[in-house]
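In what follows, a structure is listed as structure tokens, so that the remarks can point back to it.
Owing to the predicted nature of the structure, the values given are computational and were not obtained by experimental measurement.
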Amino acid sequence: MTVPDLMSRARAASRFVAQWAGRFSGQDLLGAMPEPSGAGQPTDHNERIAQLRIERNAAMARIAATSLTDVASVAQTLERLSALADSACQRAVAWVSEGLIERHGRPRDADGAQAHPVILGMGKLGGRELNFSSDIDLIFLHTADGMTDGAHPIENERFFIKLAQEVGKLLSERTADGFVFRVDTMLRPFGSAGPMSMSVDGAEEYYQTHGREWERYAMIKARPIAGDIAAGEDFLRRLRPFVYRRYLDYNAINSLRDLKRRIHDDVVARKVVDDVKLGPGGIRELEFIVQSFQLVRGGQDASLRNPSLRPTLEYLGESGLLPRDTAQKLDASYVFLRKLENAIQMYEDEQTHRLPMDEDRRHALCVGLDFANWGELRARFDEVAAYVNAEFRRVFADPTQDAEDSDCAPLVRTAFGPEIKVSDLKAVLLEKGFSGADESLAQRLVDLAQSRLVRGLSEAAGLSLHRALGQLLDECLRTDEPTRTAERVLRVVQSVAGRSTYLTLLDQSAVVRAHLVRLCAASQWVTEQIAASPAVLDALLDQRTLYAPPGRDAMTSELAARFAGVPVQDVETGMDLLRRYRNEVTVRIAAADISGSLPLVKVSDHLTWLAEAVLSAAMERAMLELKESHGLVVREDGSVAGLGAIAYGKFGGIELGYGSDLDLVFVHEDVPGDVETSGGARSIVAAAWFARLTQRIIHWLSTLTPAGRAYEVDLELRPSGQSGPVVVSLKSFAAYQRDKAWTWEHQALTRARYVAGPVALGEQVEALRREVLGRRREPKKLAKEIVEMRRKMRGHLEKRRPGAWDVKQGEGGVIDSEFLTQYLVLRDAADRPELLEWSDNWRQLDALAAAGSLPPEDRSDLIAAYRAYRAFAHSRALQSEEALATEERFASERAHVRAAWKRQFAEAEESKD
């Protein structure tokens, strides 16, 4: 065809080309793409805006004309579109950087080296597969935090956030000349809640700590396109373990299947039909096929770590991971679909993926794709879509389809049958292998089958429930106590019976079923936690995280990330989020405990860190609430007066167990009594503000919601106990501790620890604690008071049952050991201040022995007994049982504690008698 004929075809296929054809000769539009000229670049901002848009439109007209006339292949078209976006981004970054450096100087790191922007192209841009009217997905990073060195310095983060904002505006703002590219930055860390630019170190920490499954496959297509390219490539290398697991990661298929299902549901909800991108057999399904192999095998096969689809698809065929002819047919399908998508968008430079309904558009599409008529084109599309969809369904085959019946499937059908009798079902259970089953298991199955929630399930959800039950009961039969385990598992199933999402999860994931049965077999308490908060089931998907709970800093950052998108006013969502996180991490700690991967001390450490993180989050959210309504308490020097939390008991001693309450005392920084708040809708006096803040914190922690409670809070150790205010000033707290506190309150103070609030307030609290506990005391009087308090406590709190011994309150038990330690600390701290370094019993005993206050053999015996008692209490808590042992259970440990007790308190006990 001649150039005029080709141009006639291009104009007929695209109004956008026709609009620009008059400005160029046909040869110009169909010739090679000119490179942007570096000479004579405008310096005026408005001229730059205009030039970018004019050059973009000219380039896009050339790209459309060459694509619609087959002068350029699909590969060339996609590459040219991507190169155009790369160039536009590079020029925009250079121009914006130039202006920012003039205003603020060059950004520098801590060593004085210049920091640079790093811009990642994501999605189709990252894969060099950009379509004609696509947004460009960008992630803005920078090489280091620090400050700029100009006359008006700002932090590097602010500098690069400004850069990201101005680049986005420069590219996407519409003017009389149009726009360059629509920019989408939602793929950045924390999404819309995150900063527009983050340091590469901060981003790496985000992905390794918070990265979600969809971010893994988003990063498959990441590519540095502007700024410091080398730094961007290094960042992606460092991120490789996050994107590509070292092992074969078949769970990735489930994640992609779920994402595709959500996309499909959204398409259906919006009543979108004939969608070339998102519909059945569309581009997205073809991309998912390739990405599934990349995610599952990319950790072991470097050839799969390619952001571009077609080279990866070719390798799949060459390596035998896909049949060669299948890979070739999928490649041909991809070429057709991408050419079709571009032609649809080239008609009017319009962002759409749907086959046109309008006859004129259909005719133009046939011209651009060289089809004789619409029926022929439509038939080709249907053929391609059917083939791609069939391959997609094969790769992502639902494991529940055509699955063999579980061994217990007939039992489940019997339980769900009409008019089933409990006695008959009991006989079936015994026959199947649930030895010792009484009617409770049969009754629980029947109750589940006949419950209103189950009867109201859709057919699909009902099938998921039946299949999941059969497979779960199969798993239970492989445990040591099938009947007890099955009853616990049914407790969880009953809690999710009306929630199809969790039924599908239990149905489709053998991993989740295996972990659930294992945890239920090991612990009644964990069973109840999962049943009370079914969202915890999500945590069972990944063994690596299930049995490796987060550390202290990770808990804090994870909670902060989850709260980032929750408005202050949405208290209900925030409270549920807090409880779900607490439940999820607690179950992960328990799983690690049960599996033996966390020793006893580390279990308590993690439970304590979790409580600290949850308490700090609750304090922060409550503070934000009160700030909106009443402002803040501001002191004369302009600083904000803060609130602090002091942990006592097991919380203070870093010895929390499962289900422990939080013993807390709240204090606030000193302010004059007549000071009122400022900055809110309505001012109130400081004392009322702190009281309301404390009450809000307690509300956040202890209110019962559908997700349960975060923690029960006990404030009885505050000054004046139940009759005292919920919060006092530091000055009042100090006066009470110095002049009014009883000896038992100073005993409690030995285990106190500042856990949340302003650092300066915490330092003052610790100084006061050391002052009060470091007082010189008369040993005999102190011993008498402690012995008397111990007698009273045992009389009121010890659980007495025939043949049983109370490990906590019984003679020679936990409390005796703690009282003995507290006595020695109070007795000797005046001369040995190092005894006040720790708040936990274990390290206090170490310090006492090192200081010569306790014989080394007593130290060893007391620690061994304390460790044994705590391990027993943990195991009983996991079974939701009281810490009562048989009389014989801890005979030697009790004897050691009693002997040590007698060596210190014999005289005090005799004088009392």
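The side chain to side chain contact (heavy atoms under 4.5 Å, CB included) test with Leu656 singles out one residue from Leu607, Asp605, Val603, and that residue is Leu607. Checked options Leu411, Val446, Val454; the residue passing with Phe416 is Val454 (criterion: side chain to side chain contact (heavy atoms under 4.5 Å, CB included)).
Under 3.5 Å, the side chains of Ser604 and Arg870 contain a donor-acceptor pair of N or O atoms. Side-chain contact, Tyr866 with Glu818: a donor N or O sits under 3.5 Å from an acceptor N or O. For the residue pair Tyr207/Glu215, the side-chain donor-acceptor check at 3.5 Å is not satisfied. A donor atom on one side chain and an acceptor atom on the other are found under 3.5 Å apart for Ser440 and Glu487. Using modelled atom types and a 3.5 Å distance limit, the side chains of Tyr648 and Asp714 yield no donor-acceptor pair.
By the 4.0 Å N-to-carboxylate-O rule, Lys432 lies too far from Asp407 to be salt-bridged with it. Salt-bridge check for Glu655 with Lys650: failed, with every basic side-chain N at 4.0 Å or more from each acidic carboxylate O. Using a cutoff of 4.0 Å between basic side-chain nitrogens and carboxylate oxygens, Arg488 and Glu528 are not scored as salt-bridged. Comment: Arg894 engages Glu887 in a salt bridge, judged by a side-chain N to carboxylate O separation of less than 4.0 angstrom. Taking 4.0 Å as the cut-off between side-chain N and carboxylate O, Glu882 and Arg801 count as a salt-bridged pair.
For the pair His466/Gln471, no side-chain contact is recorded, criterion being any heavy-atom separation below 4.5 Å from C-beta on. Taking 4.5 Å as the limit, some side-chain heavy atom of Leu664 sits within range of a side-chain heavy atom of Leu615. Considering only heavy atoms from C-beta on, Thr886 stays 4.5 Å or farther from Trp805 through its side chain.
The shortest heavy-atom contact between Ser597 and Tyr547 is OG-O, 3.4 Å. Closest heavy-atom contact between Ser523 and Val526: OG-N, 2.9 Å. Listed here is the closest heavy atom pair of Leu425 and Ala415: CD2-CB, 3.9 Å. Across Ala617 and Phe563, no two heavy atoms sit closer than the pair CB-CE1, 4.0 Å. When all heavy atoms of Pro550 and Tyr581 are compared, the pair lying nearest together is CG-OH, 4.0 Å. Across every non-hydrogen atom of Glu798 and Glu811, the tightest pair is OE2-N, 4.3 Å.
Here Thr485 pairs with Cys476, Thr479, Val489, Val517, Ala521 under the side chain to side chain contact (heavy atoms under 4.5 Å, CB included) rule; sequence neighbours left out. Judged as a side chain to side chain contact (heavy atoms under 4.5 Å, CB included), and not counting sequence neighbours, the contacts of Ser495 are Arg491, Val492, Ala531, Pro534.
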> Where do Glu584 and Arg588 land on the salt bridge (Lys or Arg N to Asp or Glu O under 4.0 Å) test, with the steps shown first?
Replying inline: CA-CA 6 Å; Glu584 173 192 326; Arg588 289 170 61 185; 3.6 Å; yes
>> Using the rule given for side chain to side chain contact (heavy atoms under 4.5 Å, CB included), can you reason through Tyr711 versus Arg582, listing the C-alpha separation, both sets of side-chain angles and the distance that settles it, and then say yes or no?
In response: CA-CA 9 Å; Tyr711 292 97; Arg582 184 260 181 187; 3.7 Å; yes
>> Using the rule given for ring pair (Phe, Tyr, Trp, His ring centres under 6.0 Å), can you reason through His210 versus Phe242, listing the C-alpha separation, both sets of side-chain angles and the distance that settles it, and then say yes or no?
In response: CA-CA 10 Å; His210 306 292; Phe242 164 69; over 10 Å; no
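Annotation: salt bridge (charged side-chain N to carboxylate O under 4.0 Å, His left out) contacts involving residues 440-456, sequence neighbours excluded, are absent.
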